[in-house]
There are 2 protein chains.
Amino acid sequence: MRDGHRTARILLVSRSERAYHHGDLAAALEAAAFELVDEAGHSSLSLREVARRADVSHNAPYHHYGDRASLLARLGALSMGGLLDRLEAAQRRTADRPPTERASAIAAAYIGFAADNHARFRLMNDPEICDPRHPSASMAPLLERVHGMLAELVDDLDPQAEPAGRAALRTAIWGAVHGLAELVVTGQIDRAEVAPALDALLGGHAPRPADPSTPPPSTA
Amino acid sequence: MRDGHRTARILLVSRSERAYHHGDLAAALEAAAFELVDEAGHSSLSLREVARRADVSHNAPYHHYGDRASLLARLGALSMGGLLDRLEAAQRRTADRPPTERASAIAAAYIGFAADNHARFRLMNDPEICDPRHPSASMAPLLERVHGMLAELVDDLDPQAEPAGRAALRTAIWGAVHGLAELVVTGQIDRAEVAPALDALLGGHAPRPADPSTPPPSTA
DNA sequence: CGCGCATCTGGACACTGCCAACATGCGCGA
DNA sequence: TCGCGCATGTTGGCAGTGTCCAGATGCGCG
């Protein structure tokens with residue numbers, strides 16, 4: 001440390017040359033954490049490595065997140081937000097198209113997000129991190145909106161079904177879309193197999209498999 | 001340690017009163033590991049705790065599994081074996097019934113296993129542990145058999161579809177069943193919602209939701 | 001100006017996975 | 001039958017981790 005004048009000028013700007021207070025450390029931590037998650041999955045994420053990448057001490061994160069689990073829960077909620085953005089974009093893009101096409105577009109968006117964000121998708125579906133049954137789940141309102149979209153969709157697909165049948169159809173479709181996403185993420189099926197399967201399921205015409213109009217979500 | 005005669009007689013039988021060689025340590029380690037997995041999920045499993053429960057030194061497991069990942073992979077393969085057992089039992093039980101009923105029974109068995117074994121189901125579906133793309137995946141032959149069952153089933157359900165359609169229907173059904181299981185495991189839907197959804201999906205009559213004829217798999 | 005408190009720091013502890021070196025005793029060949 | 005090799009077990013050690021504690025820093029408000 002102390003070597004005569006001030007402090008050693010290490011390569012570039014080191015922590016010692018920065019203001020003591022960071023400014024927006026929480027965001028920087030989340031960005032660094034997403035970097036790690038995308039690189040190697042959330043199970044190997046280390047709070048200390050996050051702090052290192054944000055160029056702060058190993059204890060700084062504790063002033064923004066009580067513990068590792070809280071950080072991961074936050075990342076999960078952010079990821080769910082990213083998924084929801086894609087779903088709503090697909091919904092808007094097909095607002096004036098027939099229901100089957102809308103259903104296909106939304107399903108493709110769901111699975112596309114999972115395929116583009118393996119690690120985040122697994123993170124937000126890990127019940128040890130984001131358990132919807134937990135009372136303080138910050139994901140609850142987001143899940144609510146996903147459910148809402150699904151309900152609306154199924155109502156459009158089959159307007160004259162009685163309530164019980166609609167509920168059953170809703171969870172069936174949800175399960176199928178979610179399951180296909182999971183199979184892609186775990187590498188059990190190839191992404192190319194998704195569109196035909198969706199076709200078989202919804203009967204309608206699935207949109208082109210690639211979905212370039214919605215870029216992968218940024219960290220923010 | 002040394003307190004006069006022999007060695008301290010600690011409560012019950014301690015490691016020091018046991019034969020130096022264990023006999024079947026591998027099995028004991030797997031049993032202890034499954035215990036931990038079932039209690040708190042595989043992410044928090046610690047090799048040292050496994051060794052402690054098997055009453056051996058913290059390094060003994062390394063002579064049976066190269067590292068933590070290998071132990072978990074082994075547990076994953078064992079779990080997959082348990083699932084396969086249930087599926088084949090359901091298949092045998094409905095061998096002479098109509099295809100839709102057989103499909104319902106097998107789907108219910110799949111989801112029932114997941115519901116009864118949350119932690120093991122998650123373990124064997126974690127791509128960081130059991131990646132089917134990995135060449136040395138010991139689960140490959142098991143997955144093969146699951147695929148075989150699925151193929152046979154879909155062929156029975158729709159005998160005169162052309163190959164492409166059958167493949168699509170196969171992954172669609174697989175995805176739906178897998179997705180419903182995942183939704184139950186992550187707590188996003190209740191187990192009771194499964195049967196109606198399967199009904200909506202397969203059209204047929206699903207078997208009773210509970211499935212008492214196949215007890216939960218033992219550790220072995 | 002000065003005080004409080006959110007923020008950030010280094011140090012410490014218990015725990016972990018894994019490596020290296022040594023101990024034990026079963027099984028097999030001479 | 002002996003004794004030697006090697007799988008199986010042991011203790012010890014290292015680096016890395018999550019979390020707690022006590023102190024340093026500096027922004028904002030009286």
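Reminder, nothing fancy here: chain letters follow the sequence lines and each chain counts from 1.
- Rounding to whole angstrom units, CZ of residue Arg68(A) and C1' of dG16(D) are separated by 13 Å.
- Checking dC20(D), dC8(C), dG17(C) against the side-chain heavy atoms of His64(A) singles out dC8(C) as nearest.
- Partners of Glu144(A) under the side-chain hydrogen bond (donor to acceptor under 3.5 Å, both in side chains) rule, at least two apart in sequence or in another chain, do not exist in this structure.
- Atom C1' of nucleotide dT10(D) and atom CG of Leu47(B) are separated by 16 Å, given to the nearest angstrom.
- A donor-acceptor contact under 3.5 Å links the side chain of His58(B) to the base of dG12(D).
- Computed from C1' positions of five pairs at each end, the angle between the two local axes of the helix from dC1(C)-dG30(D) to dA30(C)-dT1(D) equals 10°, rounded to 10 degrees.
- His63(A) places its NE2 atom 12 Å from the P atom of dG10(C), with the value rounded to the nearest Å.
- Remark: the Asn59(A) side chain and the dG18(D) base include no donor-acceptor N/O pair separated by less than 3.5 Å.
- Of the side-chain N and O atoms in Ser57(A), none sit less than 4.0 angstrom from OP1 or OP2 of dC8(C).
- By the side-chain contact (heavy atoms from CB on, under 4.5 Å) test, Ser46(B) pairs with Arg48(B), Glu49(B), sequence neighbours left out.
- Counting to the nearest Å, the P atom of dG17(C) and the OH atom of Tyr62(B) are 6 Å from each other.
- Side-chain atoms of Arg48(A) stay outside donor-acceptor range of the base of dG16(D), with no qualifying N/O pair under 3.5 Å.
- A salt bridge links Arg191(B) to Asp116(B): one of the charged nitrogens lies within less than 4.0 Å of a carboxylate oxygen.
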